[in-house]
Amino acid sequence: MKALPENLSEFKRTPEFTEDTLPEGLQSRHTTPTGTWAKIIIIQGTLTYRILEPELEEIELSESQPGVIEPMVPHEVKLTGEVRFYVAFYR
């Protein structure tokens, strides 16, 4: 998985989501805009992060393994049980 470039600054974050409040839009194919990176921060539990292109890659995210989202790369998340997380956006 890629790392966030060092020259980025956080400009926005989502509220905390749980298995009960996870929006449908995050569970289906979507992208971040050009120039916008993101980081999925797990507070508790696990979540599967699926990078859909250029090749399918599935990564189990946890408190010690955040997910880095590259600009314009199609991705989605899948529930694996109880979870609390948020997404931070960078540019």
Side-chain angles (χ1 to χ4, degrees):
M1 182 179 327
K2 300 272 183 165
L4 285 177
E6 292 183 22
N7 61 337
L8 300 179
S9 297
E10 182 179 329
F11 70 93
K12 179 173 77 170
R13 69 172 52 180
T14 65
E16 284 186 17
F17 299 117
T18 69
E19 66 279 1
D20 297 323
T21 62
L22 178 60
E24 287 292 325
L26 295 183
Q27 298 179 72
S28 59
R29 180 187 183 101
H30 63 284
T31 64
T32 57
T34 300
T36 300
W37 290 71
K39 193 171 191 179
I40 303 169
I41 308 294
I42 306 296
I43 300 165
Q44 182 178 15
T46 61
L47 186 69
T48 299
Y49 171 45
R50 300 182 75 222
I51 300 168
L52 304 175
E53 292 180 16
E55 295 179 15
L56 178 63
E57 184 177 355
E58 291 189 350
I59 303 145
E60 184 173 304
L61 305 181
S62 65
E63 293 173 52
S64 62
Q65 176 63 63
V68 174
I69 301 168
E70 296 180 76
M72 301 299 297
V73 173
H75 63 280
E76 63 190 15
V77 297
K78 297 293 178 192
L79 288 172
T80 54
E82 293 183 8
V83 67
R84 282 182 44 228
F85 75 99
Y86 64 91
V87 183
F89 295 93
Y90 298 81
R91 57 179 167 211

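Quantities reported herein were computed from a predicted structural model and do not represent experimental measurements. FYI, the numbering just counts along the sequence from 1.
- Residues Thr34 and Pro71 fail the side-chain proximity criterion, which asks for heavy atoms closer than 4.5 Å.
- Listed here is the closest heavy atom pair of Tyr86 and Pro15: CB-O, 3.8 Å.
- The side-chain contact (heavy atoms from CB on, under 4.5 Å) search around Pro33 returns Thr36, not counting sequence neighbours.
- In terms of hydrophobic clustering, with Ile, Leu, Val, Met, Phe, Trp and Tyr side chains grouped at heavy-atom distances under 4.5 Å, Met72 and Leu8 are assigned to different clusters.
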Please set out all donor-acceptor pairs under 3.5 angstrom arising from side-chain atoms of residues 22-30, sequence neighbours excluded.
| unit_1 | atom_1 | unit_2 | atom_2 | d |
| --- | --- | --- | --- | --- |
| Gln27 | NE2 | Leu22 | O | 3.4 |
| Arg29 | NH2 | Glu53 | OE2 | 2.3 |
| His30 | ND1 | Gly25 | O | 3.2 |
| His30 | ND1 | Ser28 | O | 2.8 |
| His30 | ND1 | His75 | O | 3.3 |
| His30 | NE2 | His75 | NE2 | 3.1 |

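- Here salt bridge (charged side-chain N to carboxylate O under 4.0 Å, His left out) pairs that include residues 2-13, with residues two or more places apart or in two chains, are Glu10-Arg13.
- The two residues Ala38 and Thr32 come nearest to each other via the heavy atoms CB-CG2, 4.3 Å.
- Judged as a ring pair (Phe, Tyr, Trp, His ring centres under 6.0 Å), the pairs with a partner in residues 6-26 (not counting sequence neighbours) are, in order, Phe17-Phe85.
- Scanning both residues, Thr21 and Thr18, for their nearest heavy atoms gives OG1-N, 2.8 Å.
- Every residue two or more places apart in sequence or in another chain that forms a side chain to side chain donor-acceptor pair (under 3.5 Å) with Arg50 is listed here: Glu58, Glu76.
- Not counting sequence neighbours, Glu63 has no partner by the side chain to side chain donor-acceptor pair (under 3.5 Å) test.
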Could you walk me through whether Phe89 and Ile69 satisfy the side chain to side chain contact (heavy atoms under 4.5 Å, CB included) test, starting with their C-alpha distance in whole Å, then the side-chain angles of each, then the deciding distance to 0.1 Å, before giving a yes or no? CA-CA 9 Å; Phe89 295 93; Ile69 301 168; over 6 Å; no

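- The backbone N or O of Pro66 sits nowhere less than 3.5 Å from a side-chain atom of Tyr49 that would complete a donor-acceptor pair.
- Neither Leu52 nor Leu79 shares a network with the other; the hydrophobic side chains, linked directly or stepwise wherever heavy atoms of I, L, V, M, F, W or Y lie under 4.5 Å apart, form separate groups for each.
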Listed pairs under 3.5 Å, donor-acceptor, residues 41-48 side chains, sequence neighbours left out:
| unit_1 | atom_1 | unit_2 | atom_2 | d |
| --- | --- | --- | --- | --- |
| Thr46 | OG1 | Thr80 | OG1 | 2.8 |

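- Pairs passing the salt bridge (charged side-chain N to carboxylate O under 4.0 Å, His left out) check and including a residue from residues 79-91, sequence neighbours excluded, read Glu16-Arg84.
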